[in-house]
*Asks:* 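My questions will all concern the structure given below.
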Amino acid sequence: MPKQTFLKGMLILMTAGLITRILGFINRIVIARMIGEEGVGLYMMAMPTFGLVAAATQLGLPVAISKLVAEADAKGDSKKVKKILVVSLTITCSLSIIIAPLVLFSASYISETLLTDPRTFFPLISITPVIPIIAVSSVLRGYFQGKQNMTPAAFSQVVEQAVRIAFIAVCTKAMLPYGIEYAAAGAFVAAAIGELASLLYLLIAFRFKKQIRVRKSFFRSLKKGKETFSQLMKIALPTTGSRFIGNISWFLEPIVVSHSLLIAGVHSSLATKQYGELTGYALPLLMLPSFITFSLSTSLVPALSEAIAQKRIRLAEYRLRQALRLSLVTGGLAVVILYVYAEPIMIFMYGNAQSAIYVKVMAPFFIFYYFQGPLQAALQALNLAKAAMTNSLIGSILKTALIFVFATRPQLGIIGAALAIISGFMIVTLLHYATVLKVFKFTIYLRDYVLSFAAIFLTGWISYHIYDILLEQLHLLPKLMYACMITTVIYSLFLIIFRLVEKEEVKRIPLIGPYIAIFIPMQKNR
């Protein structure tokens with residue numbers, strides 16, 4: 001199986017991530033148009049349970065598999081790779097057998113008592129079919145990432161979203177006559193079908209690309225896998241601890257928000273609608289650019305682990321700096337576009353601008369969220385998953401407390417929940433950064449941070465005036481498209497002028513990269 005470089009693997013995941021996020025937005029637009037804000041609210045109130053179930057089933061193993069497979073592959077130890085796969089599959093499949101019935105039997109209590117809306121019952125029980133599918137696909141994705149072959153994992157994401165979109169309209173439309181809660185459940189059924197298609201692709205890719213035989217001597221590998229199990233758990237448990245904390249916090253979020261809004265005098269049906277606007281419309285838009293930092297993070301874990309295993313500390317430091325810098329500059333463009341064009345984007349996507357206020361309030365601070373992924377990946381590669389878990393715990397506790405403090409105030413309401421969510425992101429990112437600096441000594445290039453924020457501010461100021469003055473006579477869609485393109489060009493020029501991107505990085509951008517790279521002078525490694 002051909003090994004890909006850190007940058008190439010990152011770009012493959014980034015391209016797939018962009019396609020996946022675009023398809024995901026089409027999916028959300030279809031849901032929003034078909035079942036409305038209240039239906040989206042029901043869907044989004046059940047979604048944290050889905051995230052919690054997925055975290056429990058995977059148990060943090062994808063990251064552990066990726067790290068251990070990369071280290072074993074660097075030493076040419078194929079037997080170790082086989083043990084990792086066998087033990088991981090056994091763990092995740094066993095967990096799925098336990099968790100699926102648990103979700104089924106607890107759905108009534110969660111919907112009526114915790115979420116305070118009995119209509120979430122049907123979306124909750126429709127989660128169960130996807131649990132065993134996630135169990136197997138998570139192991140296969142971790143294996144391919146550990147092999148530093150990002151193509152199968154990346155393409156499987158595209159397959160999953162494409163199939164989901166193909167079924168989303170059919171499932172929600174078929175269920176809508178029975179009630180809005182059934183239509184929301186139909187959206188989860190479409191998600192399960194998409195996950196199944198993704199798993200089938202991964203199985204086919206594994207069948208043709210693998211260099212080991214898993215079925216042969218399966219039980220022998222399992223019996224001798226005690227040491228492998230311990231190594232996996234050493235990484236997976238703190239990693240899943242971080243993810244569990246995030247998902248438990250996400251699970252508690254709609255519960256705390258709904259109860260806080262009730263205290264503030266907001267009726268439960270209106271609270272569901274407002275929560276749907278915040279988490280179903282605004283947050284997915286704000287998180288759209290995170291496909292870039294997710295790609296960086298996924299590629300960084302095996303790349304950094306390999307460099308450290310080979311005692312190439314300078315290479316490890318360079319890769320970490322590169323990931324952090326690229327997160328900052330790409331996240332900066334997202335902040336500008338989302339802040340300046342929040343209202344027209346919302347009108348184009350959902351037909352109204354009611355959710356634009358959440359985007360404007362949160363966008364300037366979302367740079368911390370885009371920066372968080374590579375820092376988390378660095379902590380995992382440095383065997384500091386336990387520290388990452390502690391940081392996530394602190395951030396989640398403070399976020400949940402702040403939701404209650406802010407959202408119970410009638411003058412803030414749901415805006416208070418938005419402020420609490422971004423506060424949580426900022427706290428965790430700053431704690432991660434401090435932890436990495438404490439353990440892994442690397443040079444901080446203050447120039448990069450100052451010039452990046454200068455590029456963000458200048459581009460935002462220019463873009464605001466361009467949209468209102470130069471493009472005033474155009475209709476919404478062409479006006480928005482031209483504005484985003486002009487903003488991207490202006491921001492890119494600032495990046496080149498301030499030398500915030502390197503020639504080799506730009507060259508690897510598909511289609512246009514080699515042409516843009518002509519204008520970028522060669523730089524020595526920072």
Side-chain angles (χ1 to χ4, degrees), residues 6 51-52 55-56 58-71 142 145-146 229-250 252 290 293-294 296-309 311-313 315-325 327-328 331 367-402 421-444 449:
F6 165 62
L52 185 61
Q58 294 175 12
L59 202 68
L61 283 168
V63 173
I65 295 164
S66 173
K67 177 176 169 55
L68 292 180
V69 167
E71 290 173 354
Q145 289 161 6
F229 175 81
S230 299
Q231 290 173 337
L232 283 166
M233 290 300 102
K234 188 177 179 182
I235 303 165
L237 289 178
T239 301
T240 202
S242 297
R243 193 173 173 192
F244 249 124
I245 289 163
N247 280 282
I248 289 170
S249 173
W250 192 25
L252 292 173
S290 65
T293 53
F294 173 79
L296 283 165
S297 306
T298 306
S299 299
L300 188 61
V301 173
L304 206 57
S305 299
E306 182 186 55
I308 292 169
K311 302 191 185 302
R312 300 171 69 185
I313 303 303
L315 176 62
E317 183 184 351
Y318 174 73
R319 283 175 174 171
L320 177 58
R321 287 206 319 269
Q322 186 180 44
L324 293 175
R325 177 168 46 81
S327 295
L328 185 60
I367 194 73
F368 287 91
Y369 179 78
Y370 306 140
F371 209 56
Q372 190 179 119
L375 290 170
Q376 176 102 5
L379 289 172
Q380 290 162 351
L382 292 165
N383 292 320
L384 294 170
K386 191 179 289 185
M389 180 181 71
T390 303
N391 296 342
S392 299
L393 178 61
I394 294 168
S396 296
I397 291 170
L398 290 175
K399 182 195 80 170
T400 306
L402 287 172
I421 289 168
I422 56 175
S423 298
F425 291 150
M426 292 170 66
I427 291 163
V428 174
T429 300
L430 291 172
L431 288 172
H432 280 357
Y433 196 70
T435 306
V436 172
L437 278 176
K438 185 178 178 181
V439 177
F440 189 70
K441 305 297 181 186
F442 66 98
T443 307
I444 300 175
Y449 293 94

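These figures come from a predicted structure and were not determined experimentally.
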*Asks:* Hey, could you give me the CD/CG distance between Gln376 and Leu384, rounded to the nearest 0.5 Å?
*Replies:* 11.0 Å
*Asks:* What pairs with Tyr370 under ring pair (Phe, Tyr, Trp, His ring centres under 6.0 Å), at least two apart in sequence or on another chain?
*Replies:* Phe366
*Asks:* Once side-chain contact (heavy atoms from CB on, under 4.5 Å) is applied, do any residues pair with Phe371, and if so which ones, sequence neighbours excluded?
*Replies:* Leu324, Ser327, Leu328, Leu375, Thr429, Tyr433, Tyr449
*Asks:* Partners of Leu430 by side-chain contact (heavy atoms from CB on, under 4.5 Å), sequence neighbours excluded?
*Replies:* Phe368
*Asks:* Kindly give the heavy-atom pair with the smallest separation between Gly146 and Val69, and that separation in Å.
*Replies:* C-CG1, 3.7 Å
*Asks:* Checking Thr435 now: which residues fulfil side-chain hydrogen bond (donor to acceptor under 3.5 Å, both in side chains) with it, not counting sequence neighbours?
*Replies:* Asn391
*Asks:* Looking only at heavy atoms, which two atoms of Ile65 and Gly142 are closest? And how far apart?
*Replies:* CG2-C, 3.5 Å
*Asks:* Rounded to the nearest 0.5 Å, what's the gap from CG on Leu398 to CD1 on Ile427? Could you check?
*Replies:* 4.5 Å
*Asks:* Sort and list the pairs that fulfil salt bridge (Lys or Arg N to Asp or Glu O under 4.0 Å) and have at least one residue in residues 426-435, not counting sequence neighbours.
*Replies:* none
*Asks:* If only side-chain N and O atoms count, and only distance matters, is there a donor-acceptor pair under 3.5 Å linking His432 with Gln372?
*Replies:* no
*Asks:* What heavy-atom pair brings Gly424 and Lys399 nearest, and what distance separates the two atoms?
*Replies:* CA-CB, 4.0 Å
*Asks:* Would you name the heavy atoms of Ser392 and Val428 that are closest together and state the gap between them?
*Replies:* CA-CG2, 4.2 Å
